[in-house]
Amino acid sequence: MQAALGTLVSLIGYTAAVAVGAFVGSRPAVRDRPLPWLGRLQLAALMILIVSLGVKLGADEEVIASLGQIGLSAFLITVAAMAGSVLAVTFLRRFVLKLDRFGLPRGSGNAEETAHDETQKADNSLTKWIVAAVALGMLAGYFVVPDSIVQYCGTVIDIGLYLLLFLVGTDMGRQGTMVSDIKTAGFKVLLVPLAVGIGSLAAAALVGVALSLGPKDSMAVSAGLGWYSLAPTLLAPYSLPVSAVCFLANVMREIFAILAIPLVSKYIGYVECVALPGAAAMDTVLPVVVGATHERITIYSFTSGVLLSLAVPVAVSGIIAL
């Protein structure tokens, strides 16, 4: 109950940050100005957020200890779940939503212009910066940063996250296409988290056949969908080893998603980027998704993250009850 209440409060806060940003960005005084510093501010805030996350993880003894003990199982489940979710969303995008790889209705007249203008956003330079930020943060957290400072990383992450969501909303408002983007997505946007969940669980079950955990426990691990603070807690009474694998696998999913999103947006598709982080698509990884794709993908990412977050307790509990 406490976890559910915390999730609800977070969802309200994240939604408010995006909504306020969109309102500010839509004002003529803001919308009609070039504001070249806005993108640089987003990048700076994103780097601070990722470094802080890295420091927090690097200083976590449980994470470091788990790397050698259960790292391979967690890695295989994570990679399989992410690949399965991307495959499922690709099928959904192409054959049900009928969108091109930029998230636009197939055959729309501005597709070529979009390709020219937007592929530049998803270049490899963003990936390099993100890799460096994660690595620097984890090394600093493990070797340098004292515990007295690490304890404030959570606060820095929270503040940075709200700032980033506000800036993402501001960009949405400045684009002036928020209403049309929502209309374009329609109710079919609700199918995206369903595809992410099915793809993740199916791929985890498949790889679980080759692991000592087995298909059921591998599905329970992947049902965390990137929420590494809740899912392991739900699994602890069921099995401590499975809980440990779940913790590390879902930490990996968030980190791997941050690293992979720029490449997936460039070579596979914009909507598929939403599949990679799972539940984190609504908060920590949302700015990465939007930064590597386009503001219109915000509706897909935020909606998917919200629904998957709400589904995690149900999915994990349901699987272990089988």
Side-chain angles (χ1 to χ4, degrees), residues 77-108 110-111 114-115 118-119 121-122 172 177-178 180-207 218-219 222-227 250 253-254 256-258 260-283 285-286 288-312 314-315 318-319:
I77 292 173
T78 302
V79 172
M82 293 175 70
S85 62
V86 168
L87 182 62
V89 172
T90 297
F91 180 89
L92 175 70
R93 173 181 64 80
R94 294 183 62 184
F95 300 107
V96 179
L97 302 180
K98 300 187 185 303
L99 302 176
D100 63 20
R101 75 180 193 88
F102 298 105
L104 293 168
R106 192 176 301 157
S108 58
N110 60 346
T114 300
E118 296 181 9
T119 48
K121 295 182 66 176
M172 291 173 60
T177 59
M178 183 169 59
S180 63
D181 291 341
I182 293 174
K183 289 181 178 178
T184 299
F187 287 107
K188 289 183 179 179
V189 71
L190 302 178
L191 297 176
V192 174
L194 180 62
V196 173
I198 292 175
S200 296
L201 294 177
L206 186 62
V207 78
S218 295
M219 288 176 65
S222 68
L225 296 167
W227 196 350
N250 286 285
R253 179 155 191 168
E254 183 166 334
F256 290 176
I258 291 173
I261 282 169
L263 298 176
V264 170
S265 70
K266 185 174 184 179
Y267 296 108
I268 301 178
Y270 283 10
V271 180
E272 284 85 341
C273 293
V274 174
L276 293 170
M282 74 170 181
D283 45 57
V285 190
L286 175 60
V288 182
V289 172
V290 177
T293 58
H294 190 272
E295 285 73 18
R296 66 174 166 274
I297 306 300
T298 303
I299 185 65
Y300 292 96
S301 188
F302 192 79
T303 302
S304 180
V306 167
L307 294 180
L308 289 174
S309 296
L310 295 173
V312 168
V314 177
I319 290 171

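- A heavy-atom distance below 4.5 Å is found between the side chains of T303 and L307.
- A donor-acceptor pair is defined here as one N or O able to donate and one able to accept, closer than 3.5 Å; no such pair exists between the side chain of S222 and the backbone of A81.
- Scanning all heavy atoms of the two residues, the minimum distance from Y267 to R101 falls at N-NH1, 4.5 Å.
- Rounded to the nearest 0.5 angstrom, I268 CD1 and I261 CD1 are separated by 12.0 Å.
- Applying side chain to side chain contact (heavy atoms under 4.5 Å, CB included) to P193 and the options S85, S304, S309 leaves one that passes, S304.
- For S301 (side chain) and T298 (main-chain N/O), no donor-acceptor pair under 3.5 Å exists by modelled atom type.
- Residue pairs meeting the salt bridge (Lys or Arg N to Asp or Glu O under 4.0 Å) criterion with at least one partner in residues 80-95, sequence neighbours excluded, are R93-E272.
- Note that NZ of K188 and CG of L99 are 8.5 Å apart. Values are rounded to the nearest 0.5 Å.
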Show your reasoning for whether side-chain contact (heavy atoms from CB on, under 4.5 Å) applies to S200 and L225. CA-CA 8 Å; S200 296; L225 296 167; 3.9 Å; yes

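- Proximity of L97 to V192: side-chain heavy atoms (C-beta onward) are separated by under 4.5 Å at one or more points.
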Taking it one step at a time, do F302 and L286 satisfy side-chain contact (heavy atoms from CB on, under 4.5 Å)? CA-CA 7 Å; F302 192 79; L286 175 60; 4.1 Å; yes

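- Across I77 and A204, no two heavy atoms sit closer than the pair CG2-CB, 4.3 Å.
- Atom NZ of K98 and atom CG of L92 lie 11.0 Å apart (nearest 0.5 Å).
- When atom types are taken as modelled, the side chain of R296 and the backbone of L104 share no donor-acceptor pair closer than 3.5 angstrom.
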Give the intermediate values and the outcome of side-chain contact (heavy atoms from CB on, under 4.5 Å) for residues V89 and V274. CA-CA 9 Å; V89 172; V274 174; over 6 Å; no

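- Annotation for A315 and A223: closest pair CB-CB, 4.1 Å, computed over non-hydrogen atoms.
- With S218 contributing its side chain and A205 its backbone, the two residues share no donor-acceptor pair below 3.5 Å.
- Contact record, G199 with A88: CA-CB, 4.0 Å, taken as the closest heavy-atom pair.
- A 4.5 Å side-chain heavy-atom check between W227 and N250 finds every atom pair outside the cut-off.
- Between Y270 and H294 there is a side-chain heavy-atom pair separated by less than 4.5 Å.
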Does L201 form a side-chain contact (heavy atoms from CB on, under 4.5 Å) with I319? I'd like the steps, not just the answer. CA-CA 10 Å; L201 294 177; I319 290 171; 3.9 Å; yes

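- Side-chain contact between V285 and E254 is present, with heavy atoms from C-beta onward closer than 4.5 Å.
- Counting only heavy atoms from C-beta outward, the side chains of V289 and I297 approach each other to under 4.5 Å.
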